[in-house]
Amino acid sequence: MMHALAQALSALDWAILVYFVALNSFYALLLLLSFPELWTHFQLADDEYFTRVLSSDALPPISVLVPAYNEEVSIAASVLSFLTLEYPRHEVVLVNDGSKDRTMETLVQAYDLYEVPPAIPRTIATANVRAVYRSRTHSKLLVLDKDNGGKADSLNAAINAARFPYVIACDADTLIEPDALLRLARPFLLGRDIAAIGGTIRVVNACKVAMGRVVEARVDSRWLPGCQTVEYLRAFLFGRLGWNRIGGNLVISGAFGLFARKYLLAIGGYETGNVTEDMDLAVRLHVYLREHHIQASMPFIPDPVAWTEVPASRTILHRQRERWHRGLIGTVWERRRMLFNPRYGAVGMVSLPFFAFGEMIAPLVEVIGYLGLVVGLMVGAVNEQFAVAFLAVAMGYGILLSVWAIVLEEVTFRRYNSRRDLWRLFFFALVEGLGYRQLTVYYRLHAFWKVMRGDRGWGVMQREGFAKPVK
Amino acid sequence: MSLLLVLGVIAVAQVVFVVLLTAFVIVRRERFVRRAARVSAGHARLSAPLVQWLVGTSTVLRVVEALRDLPHDAALAFASELYDTRVPHQMRGSFGVAVREEPWAVWAIAGADSWRWWRRLDAARALGIVGTLADADLLRPLLEDSHSAVRLAATQALAAVDDPGLVRVAVLHYPVEALAVRLFTTNTLRTVWRLAETPLLTFLGSTDSSAADLAAWLSLAESLNLPSLRAAITALAVHESPEVRAAVARALRRYPHAESVEAARRMLLDSQDFVRAAAAQALGSLRALDTQGELVHGLTDCAWWVRFRCALSLALLGEPGRAALRLARQSPDRFARDMATMTSGLADGAVLELADV
């Protein structure tokens, strides 16, 4: 009996080792692939000459779509920050998604809104649009007041109302850097046929904010936001850039992504039943492009930045990560027929399998690994030195990837100017594997439980607000 | 070698890597700070001689000397910015001659045949400042470079080099260029319009050009706004491709003439809604008061965009158009009524912005 158990544990150890090596090798590949991408973008992003070109009227006009629900405190400032983005031609389409507070009244007052007939095409079905408003003071602003239908439904209503060929979906509580739209539009200048473009999301928690703008980037000294700062750097600076080279970028952030409106209309807009509408949308776009033999690309570019507040409490982080993972599970399950299907190119052969077998089941494998290790040590089936060495290598690998992300940040965009923040980044890169990682594994495991129970809710996401105004 | 030993070696390698990377970041940060200080000091030293040269109390040589103190790439970037934004057109020639043999300019031009695109970009940028007719052969491959950013920089050098053959190449390649390269080509061709006029007339009149190419040349003709091109543009108003007809309608906005109005009026009856929308927009831009009846009728069009453009164009016609819109608010047609109500509520500034005249 004990012999059989020992054999089983040994086999499990080997399986986990192989999984670990395969997964981390793929991460290493993404890292390597990200170097040329990052260098190219850095050359263009850093080039003042090219930046001047970006300010020209050669860029296509863009509609900024902003869904808002119960945002009365911040909505006036948020809208102003969207209206004053540095871009030759853009409009802001704000959708009040049946807010229960005074969001609509605040908007009417702040922007001198007047009601106009709802003369907008209803290409995508949405909840009832009660009224359409224009502003007497800001002709770029269009406001839709509609029944509550959720974020995806609001974005669909905004897509219907948008005038311009490209739309950017933003969260009302996300701070977009003034030149971010210009930078985001760079691929248009390089002549690519674009279906979508993703930009970088960074952590705003400890940053100094004035007039809806981040004026000094800082790294939060608190454990959870600090670890997430490093996590975001890693995810955006080499994860998504690496995917650019493979051609299977599956995530265009819902808080900051640019889309060709015609493709959004063609796929029926956002899926209202999905809890992570951004990944679902990116996958459906890929499917549409492949099935219709359209050669449009969906690149990620690193220098346009939007700042978002990350959870500072374990409760909120739990809800967020559990929801994200539930969305991942839902998307992979719905698209399981694409797995290893050459018809879908890199997405079917590489991206989706990676998200299914790398990202989705990783927490399960990790927990099984921990349990196997503990049981193995108890029954003497696992060598203690081997266990310690394996854990050290696994943690070391995570640290190495995080440090690489900091290096990439330092040699390119260098947003964090103070040395103290640099040291903080290194500190959180070192400690991220001790507790934070395990915590997120637990939250992601919880997602499997909720999926089995059929839970489709979002959970309440409380924010702290941008609490560091500059005097 | 046992597995344990392998893991041990990997762990040691990881530690070494992390230490090296950390050291690299620290050293790089220090170098960056020092370089930034050097560049900043260089910029400060440039400030006074630059102002004195621009107001005519000093020669360009002091500016050239100050630029020499900067690192090559910083000198090129700064010179390029000066050239684009601060040096008046009449002083650009003397600036180009003065810096032609400077080490940073020689360094940049030497990269014209580099395998690294960013070096070719520097070369194209430098030619934009110091280029002459003698550099035509150097510039030609950069105009046809595989990287859009290089082509974009090379187009700016067209004005400095002023070669009819290169201008013809730029006009010929215009339809296949990226948006920004087109814009830059357009801006440059405005300055050398005499060289661009003939090839553009030839291409607009060619019968074997594709619809996409013709549409692109029409947009160039719209931007150049040369009276000699109007007849060629109007002749394409009956082209079989709706893409070309729409481009004609857009281009006619810049050519106020009775024939332009007539052509746009005819296109308001086109079978394609986007052509009708462009034609409606053109009639508003041309302030064609005598087409008010057609525009009012357009408010009942089956396509939202046509109704929208007709309404905005009516608003652009001044008081008679506004009056027609007010009247249309009582129209029996629900769509016309809604559109008229929406646009008549807009302020003049909003109409101008939305109409994109």
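Letters A, B, ... are given to chains in the order of the sequence lines, protein chains preceding strands, and every chain is numbered from 1. Since the structure is predicted, the reported quantities are computational estimates derived from the model, not experimental observations.
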What's the verdict on side chain to side chain contact (heavy atoms under 4.5 Å, CB included) for B:R29 and A:L422, showing C-alpha distance, side-chain angles and the deciding distance?
CA-CA 10 Å; B:R29 170 70 65 112; A:L422 191 61; 4.0 Å; yes

Please walk me through it: do B:E30 and A:R419 pass side chain to side chain contact (heavy atoms under 4.5 Å, CB included)?
CA-CA 10 Å; B:E30 292 308 317; A:R419 286 190 182 85; 2.9 Å; yes

Would you check, one step at a time, whether the test side chain to side chain contact (heavy atoms under 4.5 Å, CB included) holds for A:V411 with B:F24?
CA-CA 10 Å; A:V411 299; B:F24 170 75; 3.5 Å; yes

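Proximity of B:I10 to A:Y397: side-chain heavy atoms (C-beta onward) are nowhere separated by under 4.5 Å. B:L4 has its side chain out of reach of A:F390: every pair of non-hydrogen atoms, C-beta onward, lies at least 4.5 Å apart. Within the 4.5 Å cutoff, no side-chain heavy atoms of B:L21 are placed close to those of A:F426. Side-chain contact between A:I399 and B:V18 is present, with heavy atoms from C-beta onward closer than 4.5 Å. No side-chain heavy atom of B:Q14 sits under 4.5 Å from any side-chain heavy atom of A:M395.
No more than 12 heavy atoms of other residues, nucleotides or ligands sit less than 6.0 Å from atom CZ of B:R86. A 6.0 Å sphere centred on CZ of B:R31 holds no more than 12 heavy atoms belonging to other residues, nucleotides or ligands. Other residues, nucleotides and ligands place more than 12 heavy atoms under 6.0 Å from the CZ atom of A:F35. Heavy atoms from other residues, nucleotides or ligands lying under 6.0 Å from CZ of B:R322 number more than 12.
Looking at A:R414, only its side chain comes within 4.5 Å of chain B, counting heavy atoms on both sides. B:F17 touches chain A through backbone and side chain together, each having a heavy atom under 4.5 Å away. Contacts of B:F335 with chain A are absent, with no heavy-atom separation under 4.5 Å from either backbone or side chain. A:F386 touches chain B through backbone and side chain together, each having a heavy atom under 4.5 Å away. If you measure heavy-atom distances from A:T40 to chain B, the contacts under 4.5 Å come from both the backbone and the side chain.
The candidate with the highest count of non-hydrogen atom pairs below 4.5 Å against chain B, out of A:N417, A:I406, A:L400, A:L430, is A:L400.
Here the CZ atom belonging to A:R163 is positioned 6.0 Å from the CH2 atom belonging to B:W305, to the nearest 0.5 angstrom. Distance check: B:L5 CG to A:Q385 CD gives 11.5 Å after rounding to the nearest 0.5 Å.
The shortest heavy-atom contact between B:L7 and A:V393 is O-CG2, 3.3 Å. For A:E410 against B:V25, the heavy-atom pair with the smallest separation is CG-CG1, 3.7 Å.
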